[in-house]
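Structure, as structure tokens:
Since we're looking at a predicted model, the values are computed, not measured.
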Amino acid sequence: MSGISGPGPSLRSQWLGEKLRDLRKERKMSLKYVGDYLQRDQGTISRYENGELTVRRGDLTAMLDLFGVSDPKTRQDLERIREDAWQKDWWDQHKADLGKEFINMPWLESRAKRICSYQHMVVEGLLQTRGYAEAVIRNAEREGPGEDQINRWIGLRMDRQQILHREDPAQVSVLLEESVLCRRIGGVAVWAEQLQHLLEQAERSNIELRVMPFEHAPHAGHQGSFTLFEMPDPYPEVAYVDTLSGPLFIEEPTVQRFSRAWEDLYEKAMGPRRSEALITRYLEEIR
């Protein structure tokens, strides 16, 4: 997370801006023409379209009227995206710590119909214990951040997990490589606690946990970990990849490659009961 300033335009502001730009271009209208109609300068319309500025309700209504958009569902969908772009939630208190792109992550987690996470190095963040999360974060951030910053990042990771326990909990499918079960991050005590936590979380009706055994290789996950967000209408499916240069969010049409990779991984992995039995075996070996 270090070295990234932000936050920048949110995904939902960008989605709305792209749709408005497409509508404007389909009508062959210039930025200046739309700006004059709204009594806004051309730069404001441009910032609406690239997501740098969140669209105000009155301006959205006026633009849809100008573009001749009469379909009630289309108007309702665009207004819903606009409202989401303005909405604040618990993650806003972490803006200074999130980075310009990662701020999209907790929002996606809070809205997704289903979160599909494939991890080949570490346990999925939504299923990490505090001790394990601290060990991972401290290792990743060896230079620069102070103790207060480290603690805020740990707190953020724990706060993200509230979606698993709300009244309408997020549906989460996690697929771990067996090698993750061999990597005793944080020492024996922390790792034993983490394995026990995985088994407890796997009993929840909204969480599915699968393990990819060593013998199934190669497979579609050979290029690394990713998370796939299956989103409700009107939002598009989104994939997330963590890199050394920062988080990447992938949308259509490239996101389809991640959907196909997930299907391949899901098919080849152990089922939930066999996966839990394997985790139990690893836990017993270190006790």
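For the residue pair A170 and I115, the shortest heavy atom distance occurs at CB-CD1, 4.4 Å. Summarising the geometry of S225 relative to V241, their closest heavy-atom pair is O-CG1, 4.1 Å, with the distance given to 0.1 Å. Closest of all the heavy-atom pairs between R24 and V34 is CD-CG2, 3.7 Å. Shortest non-hydrogen contact noted between L60 and L78 is CD2-O, 3.8 Å. When all heavy atoms are compared, the tightest approach of F258 to L228 is CB-CD1, 4.2 Å. Across C116 and E230, no two heavy atoms sit closer than the pair SG-OE2, 3.9 Å.
Checked by atom type and distance alone, the side chain of R40 never pairs as donor or acceptor with a backbone atom of D59 at under 3.5 Å. A donor-acceptor pair under 3.5 Å links the side-chain atoms of N104 to the main chain of L11, judged by distance alone. A distance-only check finds no donor-acceptor pair linking the side chain of R210 to the backbone of L265 [under 3.5 Å]. Listed for the S275 side chain is a donor-acceptor partner under 3.5 Å among the backbone atoms of V211. In this structure, the side chain of N151 engages the main chain of E147 through a donor-acceptor pair within 3.5 Å. Between the side chain of Q128 and the backbone N or O of V123 there is at least one donor-acceptor pair closer than 3.5 Å.
Residues L31 and M29 are members of one and the same hydrophobic cluster, defined by side-chain heavy-atom contacts under 4.5 angstrom among Ile, Leu, Val, Met, Phe, Trp and Tyr. Taking hydrophobic clusters as Ile, Leu, Val, Met, Phe, Trp and Tyr residues chained together by side-chain heavy-atom distances below 4.5 Å, W191 shares a cluster with M121. Under the 4.5 Å side-chain contact rule for hydrophobic residues, M158 and L127 do not share a cluster. When hydrophobic clusters are built by joining Ile, Leu, Val, Met, Phe, Trp and Tyr residues whose side-chain heavy atoms come closer than 4.5 Å, directly or via intermediates, L181 is grouped together with L199.
Rounded to the nearest 0.5 Å, atoms OH (Y282) and CG (L195) are 10.0 Å apart. Distance check: T129 OG1 to Q201 CD gives 10.5 Å after rounding to the nearest 0.5 Å. A distance of 10.0 Å separates CD in E18 from CG in N50, rounded to the nearest 0.5 Å. Here the CZ atom belonging to R21 is positioned 6.0 Å from the CD atom belonging to E49, to the nearest 0.5 angstrom. The distance from atom CD1 of I279 to atom CG of L198, rounded to the nearest 0.5 Å, is 5.0 Å. The distance from the OG atom of S46 to the CG atom of L53 is 10.5 Å, given to the nearest 0.5 Å.
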*May I have the step-by-step check of side chain to side chain contact (heavy atoms under 4.5 Å, CB included) for I185 and Q194, ending in yes or no?*
CA-CA 9 Å; I185 292 175; Q194 177 63 70; over 6 Å; no
*For the pair M105 and E109, evaluate side chain to side chain contact (heavy atoms under 4.5 Å, CB included) and give the outcome as yes or no after the intermediate values.*
CA-CA 6 Å; M105 189 69 163; E109 290 173 338; 3.8 Å; yes
*Just do the side chain to side chain contact (heavy atoms under 4.5 Å, CB included) check on R204 and H165 with the steps written out, would you?*
CA-CA 10 Å; R204 299 177 62 88; H165 310 286; 3.4 Å; yes
*May I have the step-by-step check of side chain to side chain contact (heavy atoms under 4.5 Å, CB included) for S30 and Q42, ending in yes or no?*
CA-CA 9 Å; S30 67; Q42 181 175 324; over 6 Å; no
*Give the intermediate values and the outcome of side-chain hydrogen bond (donor to acceptor under 3.5 Å, both in side chains) for residues R287 and Q196.*
CA-CA 11 Å; R287 277 179 169 171; Q196 182 63 47; 3.0 Å; yes
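Other residues, nucleotides and ligands place more than 12 heavy atoms under 6.0 Å from the CZ atom of R111. More than 12 heavy atoms of other residues, nucleotides or ligands sit less than 6.0 Å from atom CZ of R183. Within a 6.0 Å radius of CD in E252, other residues, nucleotides and ligands contribute more than 12 heavy atoms. Enclosure of atom CD in E26 by more than 12 non-hydrogen atoms of other residues, nucleotides or ligands within 6.0 angstrom is indicated. Other residues, nucleotides and ligands place more than 12 heavy atoms under 6.0 Å from the CD atom of E215. Summarising the local packing, OH of Y33 is surrounded by 12 or fewer heavy atoms from other residues, nucleotides or ligands at distances under 6.0 Å. Around atom CZ of R281, more than 12 heavy atoms belonging to other residues, nucleotides or ligands sit under 6.0 Å away.
A 4.5 Å side-chain heavy-atom check between T44 and D41 finds at least one atom pair inside the cut-off. With a 4.5 Å cut-off on side-chain heavy atoms, I81 and P234 count as touching. Contact of the Q14 side chain with the F249 side chain is not registered, since no non-hydrogen atoms from C-beta on lie closer than 4.5 Å. Contact of the L108 side chain with the Y240 side chain is not registered, since no non-hydrogen atoms from C-beta on lie closer than 4.5 Å. Looking at L20 and I45, their side chains never come closer than 4.5 Å, going by heavy atoms from C-beta outward. Side-chain contact between L164 and P169: absent, with no pair of heavy atoms (C-beta onward) separated by less than 4.5 Å. Side-chain atoms of Q149 and W153, non-hydrogen and from C-beta on, do get closer than 4.5 Å to each other. Two residues are said to be in side-chain contact when any heavy atoms from C-beta on lie closer than 4.5 Å; M212 and L175 meet this criterion.
Under 4.0 Å is where a charged nitrogen must lie from a carboxylate oxygen, and between R57 and E79 at least one such pair does. Using a cut-off of 4.0 Å between Lys/Arg side-chain N and Asp/Glu carboxylate O, D65 and R75 are scored as salt-bridged. Ion pair D77/K73 flagged as a salt bridge, since at least one NZ, NE, NH1 or NH2 atom sits closer than 4.0 Å to an Asp/Glu carboxylate oxygen. A salt bridge links D36 and K32; the closest N-O separation between the charged side-chain nitrogens and carboxylate oxygens is under 4.0 Å.
The closest side-chain donor-acceptor pair between E177 and H219 falls under 3.5 angstrom. Residues Q161 and R130 bring no donor and acceptor atom of their side chains to less than 3.5 Å of each other.
Between W15 and Y235, the ring-plane angle classifies as tilted under the 30° and 60° cut-offs. Taking the six-membered ring where tryptophan is involved, the planes of W262 and F226 are perpendicular, since the angle between them exceeds 60° and thus also 30°.
Cation-pi geometry between R27 and Y37 is not met: the NZ or CZ atom fails to fall both under 6.0 Å from the ring centre and inside 45° of the normal.
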